[in-house]
Amino acid sequence: MEANNVGLTNLTQLDQESLMKTLIATFAVVAAFALFAGSAQADCYHGYGGYSYAAPSYHVVQPYVVQPHLHWHDTSHYDYHPTQIIDHGCHYHVIPGHYDFHQDGHYDLHW
């Protein structure tokens, strides 16, 4: 008797798992239909990022085409120049250490 109760309990859990999987699958199908279903009228238009055509009971959207664009890559930097002592005839010139700023960059093509 006890074995039958365990079997029924397992069967009930399997039924519950099967029911949950069925409900999730049904929800996914309904959600997909709601997202991709078009209006009942047929129309054609150009929208931002793509071309769309709607016909009765369905909606087809062509994939979004990524446009290439340029992006500024800033390579500006500081260069350090250490202290220099330069012999200048009968005396020396001392140029203290310092940083020079170089403002550079270039455009990168991105897709």
Side-chain angles (χ1 to χ4, degrees):
M1 284 264 196
E2 195 170 317
N4 275 342
N5 288 340
V6 172
L8 289 176
T9 304
N10 287 339
L11 183 60
T12 303
Q13 288 175 348
L14 290 175
D15 286 343
Q16 288 176 353
E17 290 176 10
S18 177
L19 179 62
M20 286 303 295
K21 288 179 182 178
T22 302
L23 288 175
I24 291 171
T26 302
F27 177 78
V29 169
V30 170
F33 180 78
L35 289 174
F36 298 111
S39 63
Q41 66 184 23
D43 59 348
C44 181
Y45 64 94
H46 292 275
Y48 178 77
Y51 172 85
S52 297
Y53 175 77
S57 76
Y58 67 91
H59 188 77
V60 176
V61 178
Q62 294 186 1
Y64 178 78
V65 178
V66 178
Q67 298 294 326
H69 62 278
L70 294 174
H71 178 77
W72 176 254
H73 183 201
D74 187 9
T75 57
S76 298
H77 61 280
Y78 288 93
D79 286 339
Y80 177 72
H81 300 280
T83 300
Q84 294 179 344
I85 300 174
I86 301 173
D87 184 9
H88 195 243
C90 60
H91 65 279
Y92 293 94
H93 284 238
V94 176
I95 302 173
H98 62 280
Y99 287 93
D100 287 336
F101 180 69
H102 299 278
Q103 189 169 8
D104 293 332
H106 60 271
Y107 283 98
D108 289 328
L109 180 63
H110 291 275
W111 291 90

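No experiment lies behind these values; they were computed from the predicted model shown.
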Flag, side chain of His91 to backbone of Gly89, donor-acceptor distance under 3.5 Å =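 Between the backbone of Gly89 and the side chain of His91 there is no qualifying donor-acceptor contact (under 3.5 Å).
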
N/O donor-acceptor pair under 3.5 Å between Thr83 side chain and Pro96 backbone |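 Flag not set: sc Thr83 to bb Pro96 has no pair under 3.5 Å.
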
Mutual orientation of the aromatic rings belonging to Trp72 and Tyr107 [parallel < 30°, tilted 30-60°, perpendicular > 60°] |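 Ring orientation, 0 to 90° scale: perpendicular.
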
Give a yes or no on whether [X] atom [atom1] has more than 12 heavy-atom contacts from other residues, nucleotides or ligands under 6.0 Å away.
X      : atom1 : result
Tyr92  : OH    : no
Tyr78  : OH    : no
Leu109 : CG    : yes

Donor-acceptor pair between His106 and His73 side chains, under 3.5 angstrom =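 The criterion, which ignores hydrogens and geometry beyond distance, is satisfied for His73 and His106.
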
Tell me yes or no: between the side chains of His88 and His93, is some donor less than 3.5 Å from an acceptor?
->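 Yes - a donor-acceptor pair under 3.5 Å links their side chains.
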
Can you check side-chain contact (heavy atoms from CB on, under 4.5 Å) on Ile95 and Ile86, steps first, answer last?
-> CA-CA 8 Å; Ile95 302 173; Ile86 301 173; 3.6 Å; yes

Contact summary for Gly97 and Tyr80, nearest pair of heavy atoms =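 Taking Gly97 first and Tyr80 second, the nearest heavy atoms are CA-OH, 3.9 Å.
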
Write down the atom of Asp104, the atom of Asp74, and the distance for their closest heavy-atom approach.
->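 Nearest heavy atoms, Asp104 then Asp74: O-OD1, 3.0 Å.
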
Nearest-0.5 Å distance that lies between atom NE2 in His69 and atom NE2 in His110 |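 One gets 5.5 Å once the value is rounded to the nearest 0.5 Å.
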
Rounded to the nearest 0.5 Å, how far does CG of Asp100 lie from NE2 of His102?
->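 Reported to 0.5 Å precision, the distance equals 5.0 Å.
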
